[in-house]
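Worksheet for the structure shown next.
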Amino acid sequence: MKQTVLESVHVALGARMVPFGGWAMPVQYTSILDEARAVRERAGLFDLGHMGRVSVTGRDAEAFLQRLQTNNPAAIPPGKIRYAMILDENGLTQDDILVYREPQTHGFFVVVNAGNTERDLGIMRSVARGFRDLRIDDLTGELAMIAIQGPAAERIARGVTDIDLLGIKYYSWARGRVLGVPGSMSRTGYTGEDGFEMYVPSEVAIPLWNRLMELGEHAGLVPCGLGSRDILRLEAGMPLYGHEIDETTTPLDAGLEFGVKFDHDFVGRAALERVRAAGGPPRKLVGMVTESRRVPRQGYDVVHDGRVVGRVCSGGASPTLGKNIATAYVPRELAEPGTNLGFAIKDKIEPATVTALPFYKRAR
Amino acid sequence: MRPTDRKYLKSHEWSKTEAGIATIGITDWAVSHLSDLVFLDLPAAGTKVKAGQPFGEIESVKAVSELYSPVTGEIVESNADLTDALDTLGTDPWKAGWMIKVRVQTESPDLMDAKTYEKHLESEG
């Protein structure tokens, strides 16, 4: 099991550690629901040291990324970030990623899921064979990644950097000094709140974490584990690899077309075009809300009129809605909001209603 | 030290037998490790339970967990109020947080005294 550079901090804070994507990660420090509420109302601090971080540089970097993934890197302005997926030739999802275009140079920076990092690097190396001026560097070990999320995030983060945070719009990033050393910050996150993801040399991780906790004390900043991160991203309608998306789903099933640009030749494009030509995917990812106290969980059958029509991808107790929520794939004709469905726990069916995703959208 | 007037299972249920009736609940350790409780399902009076077998379910934000019976016998009373007041398990798992009362036929041979249970907790970390 790999440990992030913040392991000792988590232990000192009394975190409960769980395996995730090959890493020992904090699932909660206190209560999952309290941590999630803190992010919605104030701010939360997350160790994201498990995420894979890869730099892609060289003159062929852009052409390489056009082949590798679904978004069009040529259309990403410097300093901007785009959501994308890596597919196989059948259009099936190998990972979902963020592609950062360097603000000043011609390079890119790619953030991938912990559990897929090794496979992604393998795919990258194989796609890279067709390109000559290209460097792929796995920076996961040398860079720490910390996120601060919530309405108070910007105010707190200003205290650790000379980067003009007001100048960084949503899905943009900048390089500068973080705690006095070269680092970068992006206005991104996986919670549905405003906030930043920070990349710094590993040796700065602990001082940066501690400084942010100090600066955020009055604002009510709390450390947050993967448990709260999961419910926050579910409320915000963001997919999690291994739940909403995996090697059996296409971006079209999952409603992730915004991350796919058909104006370049990426692996899997032909397969997606075939699905589109055939009238679209037969199933759709939907949100479900239930009045039941039972929490719908991954793998539970979804039923309609006594018939199993799908399976729960993710489920959780939403502190923001005060209800239990879930995502599931269902046949297209059952995807309309308001459709009555149920989820099965052992031999009992709990009622649920299809609802539009996301469950939660912050007021801007 | 947890109450010494009762016995414990490794799976964190406690059982206190008085005049042939076992009162059964879960320990503070279980409550704190489950955290964020959302649902509790208890069987009604008249239901037979078996030592070491599940008698109910408790669900937290994280997961669904089975509740294991420390004794074999028949349920004489079930704490119906508790299912709508799960906070009670956090504030008073030893008294108000009781779950079922069972007329005891036999007790599980795996029941431990408080001291042995404390040692077990140390090994669980």
Side-chain angles (χ1 to χ4, degrees), chain A residues 10-11 14-20 24-39 222 224-235 290-300 312 314-326 343-348 350, chain B residues 10-12 26-44 47-50 53-69 75 78-93 97 99-100 118 120-125:
Chain A
H10 304 317
V11 171
R16 199 160 304 158
M17 306 298 285
V18 296
F20 183 82
M25 297 301 293
V27 65
Q28 65 195 102
Y29 298 85
T30 56
S31 138
I32 290 173
L33 296 179
D34 288 349
E35 289 168 21
R37 280 187 205 103
V39 172
V222 300
C224 291
L226 294 183
S228 55
R229 184 167 151 89
D230 187 46
I231 187 63
L232 289 162
R233 69 91 198 163
L234 181 59
E235 287 182 341
T290 177
E291 302 295 325
S292 166
R293 290 166 69 177
R294 304 308 305 260
V295 181
R297 297 184 190 275
Q298 183 173 33
Y300 287 7
V312 173
S314 301
S318 161
T320 311
L321 274 68
K323 287 177 186 172
N324 295 332
I325 58 174
F343 61 95
I345 302 186
K346 291 185 179 169
D347 46 2
K348 267 197 82 183
E350 301 287 338
Chain B
K10 273 189 180 172
S11 48
H12 310 292
I26 60 173
T27 68
D28 62 321
W29 193 95
V31 174
S32 111
H33 274 246
L34 288 165
S35 89
D36 299 313
L37 299 175
V38 296
F39 177 79
L40 173 66
D41 186 31
L42 296 176
T47 309
K48 297 212 164 56
V49 296
K50 229 178 138 183
Q53 297 295 313
F55 69 84
E57 266 182 352
I58 191 159
E59 181 159 16
S60 73
V61 164
K62 267 190 311 211
V64 182
S65 308
E66 310 251 48
L67 300 163
Y68 293 93
S69 181
I75 297 179
S78 183
N79 190 351
D81 295 342
L82 190 61
T83 56
D84 288 318
L86 295 174
D87 287 350
T88 306
L89 282 168
T91 53
D92 187 8
M99 292 178 170
I100 52 173
E118 300 282 336
H120 168 62
L121 291 186
E122 280 167 30
S123 70
E124 291 222 335

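In what follows, chains are A, B, ... by sequence order, proteins preceding strands, each numbered from 1. Below, each value reflects all heavy atoms present in this structure, side chains not excepted, and no hydrogens, waters or symmetry copies.
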Could you check if a side-chain atom of B:V61 sits within less than 4.5 angstrom of a side-chain atom of A:L33, using non-hydrogen atoms only? yes
Restricting to non-hydrogen atoms, name the atom on B:S35 and the atom on A:Q28 that form the minimum distance, rounded to 0.1 Å. OG-NE2, 2.9 Å
For chain A, which residues from residues 79-88 of chain B have at least one heavy atom closer than 4.5 Å to it? B:T83, B:D84, B:L86
A:R297 CZ to B:E59 CD distance, which is reported to the nearest 0.5 Å: 4.5 Å
Using a heavy-atom distance cut-off of less than 4.5 Å, which residues of residues 36-43 of chain B contact chain A? B:D36, B:V38, B:F39
Nearest 0.5 Å, what's the CZ-CD distance between A:R294 and B:E57? 5.0 Å
Taking A:S31, A:A317, A:G315, A:G316 one by one, which has the highest count of heavy-atom pairs under 4.5 Å against chain B? A:S31
